[in-house]
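For reference, the structure is listed below as structure tokens.
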Amino acid sequence: MDALDERTIHPAFRGESELVIRRLEKLEEWRAKGIEPYAWRYPRRDVTEEIRRRFQYLEKGQESDYVASLAGRLMALRRHGKACFADLLDGWGKLQLLASVDSLGETGYELFQELDVGDWIGVEGPVFRSRRGELTVRVSEFKLLSKSIRPLPEKWHGLKDIELRYRQRYLDLLVNPEVKQKLLVRAKTVKEIRRFLDQRGFLEVETPMLHPIPGGAAARPFVTYHQALGENLYLRIAPELYLKRCLVGGLEKVYEINRNFRNEGISYKHNPEFTMLEFYWAYVDYLDLAAFLEEMLVEVVKGVKGNTSFTYQGSELDLSPPWRRVTLLEAVSDAVGEELDSTTPPVRWKELAEKRGITVEEGWGPGKIATELFEKLVEPEIWDPTLVMDYPREVSPLARAHRSDRFLAERFELIVAGREIANAFSELIDPIDQRIRFEEQARMRERGDAEAHAVDYDFLRALEYGMPPAGGLGLGIDRLVMLLTDSHSIREVILFPHLRPEG
RNA sequence: GCGCCCGUAGCUCAAUUUGGCAGAGCAGGGGACUCUUAAUCCCAAGGUUGAAGGUUCGAGUCCUUCCGGGCGCACCA
């Protein structure tokens, strides 16, 4: 077959590398032989993992009379003249193939030699163990299922370029096995969480992603526009206010595992869209939730990893309960070396913060400053799972005030390896109090705080009908999976993390 | 948003320190080879060094701007 020239190459491929051009030629060669290089179907009967398990017993050089039928992608070709070893990768793993003149005949073997690494094929043939001990299928028949016209990344070094790994995640998945491993851990984690909650009578619900008023968290939202209604909508920053409406409606235990969107910076622990679990449970408070979270995480982590201690980024992490508990004020007091409590005057808070290089912005009360001090001085230093109890009420507009200290809210966060994994509170169910908190937030918004909570009057009306006392908890799925997969970056556990559009 | 670093063949990397002919392995092409598994051996080929401009006799290398990315900080979960 003549080389393709400029006229016969599809315009899309002009300027492509010789490797691509060569493969386009091969594509035409298959067609010239009357073989369609993109098959409709292949009735494969076996998968590699199952074959591997079934024929474990074969001795070196021994051949079974079972004719395997496999399909997958060719990942390597080792040609030896009249015989050729190949690696076939399917969804379960790799298995070696041996094609030879003996098994395929002259014509068949010649055709096999036309295959490239990356091509999808179906094969049939008896299973045997090679002299070197590798379980192998002796190819007696094969079929090209899909021709690959772009070369795969190099087999030994693989794909290292981080940008390419994320942009072309399918290649990353193909050549870097740990990528798939991490996805499996992620899927298993979510499944275990669902199982845990389902078993305890929680109902999984789906609440809106498009919100007329973004609420449930302090964050800048993404704005979008509804043509027919002629109004702005916001991609949700949290499902909280809708899940609480469910409790007003009489659902006593609800949860949702879904995406939240926050229009903020991107970092190793932040992606603009991320997955959260939120659950709400009638008649319990934040102390019940703390115990429940311990139980849940232990069961989930055991289910996924087999035990509760493992290595994260080179250090040992042990999630077995009971976890250390410390109040936020205690932690901050320790960090600054001075007893601080809800009676500490605002000026003192301000002095302490400024001494630590924290710029105190207008409108920050002692609660906000205490939280800032905590996040700056304490949180990054926490390694072992720690329940930080009793956040200031000022920074918790949806949480119930603490029963014995109005400066505080009944709220805790679970901190592991320097980052927040979960956030929970006794929910604020008093509609009057909630209205006051919203109004405080609205004043902050007016002062220019784009992350302050917007007033949601429909939510207030729901509360006015009566919401049962309840505890609610949010857990960052991505961050939990980061811990379980020993991933430094959140992008490692998100299949297609956000990148700028390709230039 | 700010700071530091990076961008060389399809992939993984040299050459940058001190400006002086852009190189290797893998992949691809030709040849040899029926038990290899990073197969091996021989031969040939493969490049707008992210883009544009500048300095210079000469720029992958130095300077400026832009594009893309990584890391750190800030914001946040």
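Letters A, B, ... are given to chains in the order of the sequence lines, protein chains preceding strands, and every chain is numbered from 1.
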(request) For A:F425, enumerate each residue passing the ring pair (Phe, Tyr, Trp, His ring centres under 6.0 Å) test, keeping only those at least two apart in sequence or located in another chain. (result) none
Sticking with atom [atom1], work out how far [N] lies from [M], rounded to a whole angstrom.
N	M	atom1	value
B:U65	B:G72	C1'	24 Å
B:G30	B:A9	P	24 Å
B:G50	B:C6	P	12 Å

(request) Classify the side chain of A:Q96 and the base of B:U36 as holding, or not holding, a donor-acceptor pair under 3.5 Å. (result) yes
Determine which nucleotide pairs with [N], using a 3.5 Å limit on both distances of a Watson-Crick or G-U wobble pair.
N	answer
B:G1	B:C73
B:A44	none
B:G10	B:C26
B:C35	none
B:U16	none

(request) Establish, from distance only, whether the side-chain atoms of A:R236 and A:T207 form a donor-acceptor pair under 3.5 Å. (result) yes
(request) Could you verify whether a donor N or O on one side chain and an acceptor N or O on the other, from A:S487 and A:E492, lie under 3.5 Å apart? (result) no
Distance, rounded to the nearest Å, where [X] contributes [atom1] and [N] contributes [atom2]:
X	N	atom1	atom2	answer
A:L135	B:C35	CG	C1'	14 Å
A:Q113	B:U36	CD	C1'	14 Å
A:D87	B:C35	CG	P	17 Å

(request) Using the side chain to side chain contact (heavy atoms under 4.5 Å, CB included) rule, take A:Y286 and A:D390 through it: C-alpha gap first, then chi angles, then the decisive distance, then the call. (result) CA-CA 10 Å; A:Y286 79 134; A:D390 302 337; 2.5 Å; yes
(message) Tell me whether A:R262 contacts the main-chain N or O of A:A238 through its side chain, where contact means a donor paired with an acceptor under 3.5 Å.
(response) no
(request) Using atom types as modelled and distance alone, determine if a side-chain donor or acceptor of A:R73 lies under 3.5 Å from a backbone N or O of A:G118. (result) yes
[X] has a side chain; which of [options] sits nearest to it?
X	options	answer
A:L19	B:C35, B:G10, B:G68	B:G10
A:S100	B:U34, B:A77, B:U12	B:U34
A:R78	B:C35, B:U36, B:A27	B:U36

Would you indicate what [X] reaches in the nucleic acid, counting non-hydrogen atoms under 4.0 angstrom: base, sugar-phosphate, or nothing?
X	answer
A:A217	nothing
A:N271	base
A:I421	nothing
A:R165	nothing

Nucleotide N/O of nucleotides 29-32 of chain B paired with protein N/O under 3.5 Å:
unit_1	atom_1	unit_2	atom_2	d
B:G29	OP1	A:K26	NZ	3.3

(request) Would you jot down, in residue-number order, the residues of residues 473-488 of chain A having a non-hydrogen atom under 4.0 Å from RNA chain B? (result) A:R479, A:H488
(message) What residues from residues 125-133 of chain A pass a heavy-atom cutoff of under 4.0 Å to RNA chain B?
(response) A:F128, A:S130, A:R131, A:R132
(message) What I'd like to find out is whether the side chain of A:L483 reaches to under 4.5 Å of the side chain of A:I421, using heavy atoms alone.
(response) yes
Within the sub-3.5 Å range, which N or O atoms of nucleotides 73-75 of chain B have a protein N or O partner, and how far apart are they?
unit_1	atom_1	unit_2	atom_2	d
B:C75	O2'	A:E451	OE2	3.1

(request) Verify whether the ring centers belonging to A:F279 and A:F196 lie closer than 6.0 Å. (result) no
(message) Within 45 degrees of the ring normal and closer than 6.0 Å to the centroid, is that where the cationic atom of A:R411 sits relative to A:Y391?
(response) yes
Considering only nitrogen or oxygen atoms on both sides, find all protein atoms under 3.5 Å from nucleotides 22-25 of chain B and state each distance.
unit_1	atom_1	unit_2	atom_2	d
B:G25	N2	A:E154	OE2	3.3

(message) Once you measure the plane-to-plane angle for A:F112 and A:Y109, does it fall in the parallel (<30°), tilted (30-60°) or perpendicular (>60°) bin?
(response) parallel
